[in-house]
Protein chains: 2
Amino acid sequence: MKFSQATDYALHAMLFLVAEAPDKPVSVQVLAEKLGVSQTYLSKMLTKLVKSGLIHSVPGANGGYRLKRNREEISFLDIIHAIEGTASLFECSFKHGSGSECLIQQVVMDAERQMEQFLESKKIADIAKQLKQ
Amino acid sequence: MKFSQATDYALHAMLFLVAEAPDKPVSVQVLAEKLGVSQTYLSKMLTKLVKSGLIHSVPGANGGYRLKRNREEISFLDIIHAIEGTASLFECSFKHGSGSECLIQQVVMDAERQMEQFLESKKIADIAKQLKQ
DNA sequence: GCGTGATTACTCGGATACAAGATGTCCGAGTTTGAGCGG
DNA sequence: CCGCTCAAACTCGGACATCTTGTATCCGAGTAATCACGC
């Protein structure tokens, strides 16, 4: 149980876009160089971010990836969900009698919700502001 | 990023011990049969629970696993930490200039702490009581 | 000078490779209980 | 009846096998901008 490296990449890539290039598209090449990671692997993460509607891809020459309009509203949870998926962290694999739900699962899912609420309240834009000052 | 099946096993095994056999040692064989999982794999989880000080192992005939004294105080977090380890869920892999810490990492670790506080407040014994009524 | 085509700089998606971790099995060693047997 | 031995019922730990997932690379296809060339 750990957040994947991919999430780390995605969070830093988004932070870079918000902080340094809110309007111009940035190519994978530049982004990967800034972060010091592989281009091809980073591009997979960016593709996921596009599919989740957080950023926009601009094909062709001078293309790259650009933030969407709602940049102030992008939360940590949005990015994490884009990479890790939205599935629950815990799923009970036992059959409990008479259709009743698993109490253990309920507790763990409540705990998960605590974390998600926190991550939803934290916006990438706030971190970008802290960086600049 | 998911809780492992092993955690699922361990939580249910502990719930069984607290609810049904607070004093007598229970063998892996019986426990595995109740849960419907493999004996040998379950025993690995129980070994981890022993090393974390949550249960006690009784070797020899009529042996098995027995709860320790502080059974009322065992939290979900104790069990999860025993199986998954206590390492942080997130570790930033980038070098940030001038010794400053990664702001992203701080946010995610704070979120993790939210979840852990919740899991620490939930005791297995409370769930056992709910089951009985 | 203007349109047309070729080249270039990108993204996109699939196929592949590799390593690590989760899951599960097997077996030998150690430990306690209890039964059996000889005195 | 007492004590000794031995077998049975357990846990413990390591070695091993397998499968999934994360990480990473490579390549061909598609797309847009820019450059070159011919008229």
A.B. asks: Angle class for the B:F90/A:F3 ring planes (parallel below 30°, perpendicular above 60°, tilted otherwise)?
C.D. replies: perpendicular
A.B. asks: By nearest nucleotide on DNA chain C, pick out whichever of B:A6 and A:T47 is the more 5' one.
C.D. replies: A:T47
A.B. asks: Distance-only, no hydrogens or angles: does the B:E120 side chain make a donor-acceptor pair with backbone N or O of B:L77 under 3.5 Å?
C.D. replies: no
A.B. asks: For B:M115, is there any backbone N or O sitting under 3.5 Å from a side-chain donor or acceptor partner on A:Q114?
C.D. replies: no
A.B. asks: Let me confirm one number: the NE2-CD1 distance from A:H12 to A:I124, rounded to the nearest 0.5 Å.
C.D. replies: 9.0 Å
A.B. asks: What is the separation between atom CG on B:L46 and atom P on D:dG13, rounded to the nearest whole Å?
C.D. replies: 12 Å
A.B. asks: Could you encode protein contacts along nucleotides 32-37 of chain D as a string, one character per nucleotide from 5' to 3', using B for base contact, S for sugar-phosphate-only contact and - for no contact, with a heavy-atom cut-off of under 4.0 Å?
C.D. replies: BSS---
A.B. asks: Under 3.5 Å, which donor-acceptor pairs link side chains of residues 31-40 of chain A to any protein atom two or more places apart or in another chain?
C.D. replies:
residue : atom : partner : partner atom : Å
A:S38   : OG   : A:T40   : N            : 3.4
A:S38   : OG   : A:T40   : OG1          : 3.3
A:S38   : OG   : A:Y41   : N            : 3.1

A.B. asks: Extract from the structure each pairing of a protein N or O with an N or O of nucleotides 24-27 of chain D at less than 3.5 Å, listing the distance.
C.D. replies:
residue : atom : partner : partner atom : Å
D:dA24  : OP2  : A:Y9    : OH           : 3.2
D:dT25  : OP2  : A:S38   : OG           : 2.4

A.B. asks: Which heavy atom in B:V50 sits nearest to a heavy atom in B:H56, and how many Å separate them?
C.D. replies: CG2-C, 4.5 Å
A.B. asks: Ion pair present between B:R71 and B:D23, side-chain N to carboxylate O less than 4.0 angstrom?
C.D. replies: yes
A.B. asks: Send over the distance from B:L42 CG to D:dT11 C1', rounded to a whole Å.
C.D. replies: 13 Å
A.B. asks: Evaluate A:K123 against A:D126 for salt bridge (charged side-chain N to carboxylate O under 4.0 Å, His left out), listing each step before the verdict.
C.D. replies: CA-CA 6 Å; A:K123 312 294 182 190; A:D126 299 337; over 6 Å; no
A.B. asks: Just the endpoints, please: which first and last nucleotides of DNA chain C, 5' to 3', lie under 4.0 Å from a heavy atom of chain B?
C.D. replies: C:dT23 to C:dG34
A.B. asks: Minimum heavy-atom separation for A:I83 and A:K48, please, with both atom names.
C.D. replies: O-NZ, 3.5 Å
A.B. asks: Of all the heavy-atom pairs spanning B:E91 and A:D8, show the shortest one and how long it is.
C.D. replies: O-OD2, 3.7 Å
A.B. asks: Given the rule that I, L, V, M, F, W and Y join up when any side-chain heavy atoms are under 4.5 Å apart, are B:M109 and A:Y9 in one cluster?
C.D. replies: no
A.B. asks: Can you check the A:K48 NZ to D:dT21 P distance for me, whole Å?
C.D. replies: 12 Å
A.B. asks: Among residues 26-33 of chain A, which ones have heavy-atom contacts with DNA chain C below 4.0 Å?
C.D. replies: A:S27, A:V28, A:Q29
A.B. asks: Would you name the heavy atoms of A:Q5 and B:S93 that are closest together and state the gap between them?
C.D. replies: NE2-OG, 3.2 Å
A.B. asks: Let me check something: do A:L67 and A:V58 share a hydrophobic cluster, defined by ILVMFWY side-chain heavy atoms less than 4.5 Å apart, either directly or through other members?
C.D. replies: no
A.B. asks: Give a yes or no on whether A:K2 atom NZ has more than 12 heavy-atom contacts from other residues, nucleotides or ligands under 6.0 Å away.
C.D. replies: yes
A.B. asks: In residues 78-87 of chain A, what residues come within less than 4.0 Å of DNA chain D, judged by heavy atoms?
C.D. replies: none
A.B. asks: What's the shortest heavy-atom distance between B:E101 and B:Q106, and which atoms?
C.D. replies: CB-NE2, 3.4 Å
